[in-house]
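What follows is a short report on a single structure.
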Amino acid sequence: MAHSGISVLFEGTNFARLMGGLWTSVWIALVSLAIGLLLGTLFGLLRTLRSRLIRFVLLLYLEFFRIVPTVVLLFLVYYILPRQFNINMPATWMAVLAFSLWVAAEFSDIVRGALESVPKHQRESGQALGLNQWQLFRYVLLPQAIQLELPATINLATRVIKTTSLLLMISVMDVINVGQQIIEANNQTHPTGIFWVYGLIFILYFIVDYPLSLWAKHLTAKQKD
Amino acid sequence: MAEEILKVEHLNKFYGDWQALHDINFDLQKGEVVTLLGPSGSGKSTLIRTLNGLEPFKDGNIYFKGEKVEPTPKEWQKLRQQIGMVFQSYDLFPNLTVLDNILLAPTKVQKRDREEVKKEAMALLERVDLADQANSYPRQLSGGQKQRIAIVRALAMHPELMLFDEVTASLDPEMVRGVLEIIKELADRDHMTMIIVTHEMNFAAQIADRVLFLEDGKLLEDTPGKQFFEHPQTARAAEFLSSMEF
Ligand SMILES: Nc1ncnc2c1ncn2[C@@H]1O[C@H](COP(=O)(O)OP(=O)(O)OP(=O)(O)O)[C@@H](O)[C@H]1O
Ligand SMILES: [Mg+2]
């Protein structure tokens, strides 16, 4: 007998499983962002240095991650890396690896742009005070760059969270994957389940991403005046 | 006996193929105040920036306190701790308060004790009438206030030599005097060794022990101050002086 659709969300442990899936998605996004932002800061800094070789290598790295679709990246770390190099790690960690490298690439460009848009005079007056390259970066350029790059960083974070929906491709039990399973398992009893499950997932993503998006807009508007 | 702070020998500087400075020679004794004058584009900023390594030079020598400067980034970074510079565009760090702007280099570069530097910084702020702004951010201050703090920030490093590049040029007229008075006091009271680029001719005439007159990247005159303003040696300098209103 067919139930009213919405009850599919609360049958058995379904709701808890969906929330668990959401947590997996958010967790992967957060860990990847933490690693990627650190690494990206370093790469961004290196890209403002004089060495052409370093700049070239990092540019290639950035372009690679820009051009290759994220799904392909995930396949790469999940199917090809383990087979070719005998690396055996849980799918969640492989996902973190792929996402971190992607975030690092995107963020390195944001950091480089922000560092370069700190006025030249700021760098010179720091140098004139005897600051060395590192002190200049640490106390003068980076704090100003962070201000400039914050909106773009938040936008990147929302993109990362959205892109976790691809995790199902490598069988990570993210919220989409859990949802899919629930839909299939309840196909007979809840024919409209797909609508309710995806409806809920939509709302969940919205709840996570929308505040970030608003914050970025608010900051951008503030910087303009 | 006078102590030599700076000596410049056969300095040539190029931007690409174009020569910006031609065979510059001069020296500077401790306590001397030199103003660097010349028409716009004559190379004043280029020269003064070369003296603390912000511009590389092609050939020639610079001696600081009798020692030849090896023009490597590392050597310049050390020397800059003894050479203060203030720019036209008063570049306080907007992410730091006034006090932290002043404390940054003495505590991080010279590794001096924060409390000790803070006392000194407050005394210096007192001297330029800005002690009440210690915890303000640069954006809350006027141009003149920012420039006075930029001077204090450089002084907190205990420099042997101060370089000023048109520090009043972007200020509103009513702010100019306050800044010039501070520089004058540095000369009279602290006997600070200084090289000053300025378009304020009255001020230059008042403060200069010597005048270096630059045109098209060439040092045309190195003349005692009074003499330069009364009887410039070159026709070009005389023309320059008559073109300036003062
Ligand atoms: N980075 C640069 N690259 C190429 N040419 C430059 C550079 N900086 C300055 N110049 C040129 O060098 C010459 C001297 O410039 P400089 O700024 O030293 O003059 P100045 O005497 O300070 O002039 P002003 O009184 O306008 O400040 C000018 O012709 C200028 O166009
Ligand atoms: Mg100039």
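So you know, we letter chains A, B, ... as the sequences are listed, proteins then strands, and number each from 1.
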Using salt bridge (charged side-chain N to carboxylate O under 4.0 Å, His left out), reason through B/D190 and B/R127 one step at a time and then give a plain yes or no. CA-CA 13 Å; B/D190 306 66; B/R127 215 175 131 173; 2.7 Å; yes
Go through the steps for B/M194 and B/L186 under the test side-chain contact (heavy atoms from CB on, under 4.5 Å), then give the verdict. CA-CA 9 Å; B/M194 301 190 271; B/L186 276 178; 4.0 Å; yes
Relative to chain A, which segment of [X] carries a heavy atom at a distance below 4.5 Å: side chain, backbone, both, or neither?
| X | answer |
| --- | --- |
| B/F87 | side chain |
| B/R49 | side chain |
| B/L92 | backbone |

Among the options [options], pick out the one with the most heavy-atom pairs lying under 4.5 Å from chain A.
| options | result |
| --- | --- |
| B/P106, B/A105, B/G84 | B/A105 |
| B/G53, B/P94, B/A154, B/P73 | B/P94 |
| B/L79, B/L104, B/N95, B/L54 | B/N95 |

Examine distances only and state if a side-chain atom of B/E32 and a backbone atom of B/A208 form a donor-acceptor pair shorter than 3.5 Å. no
Test item: B/E200 side-chain N/O and B/T168 main-chain N/O as donor-acceptor pair under 3.5 Å: no
For atom CZ of A/F56, is the number of surrounding heavy atoms from other residues, nucleotides or ligands below 6.0 Å larger than 12? no
Got a sec: does the OH of A/Y210 have more than 12 other heavy atoms crowding it under 6.0 Å? no
Taking side chain as everything from C-beta outward and backbone as N, CA, C, O, which of these in A/E124 sits under 4.5 Å from a heavy atom of chain B? Side chain, backbone, both or neither. both
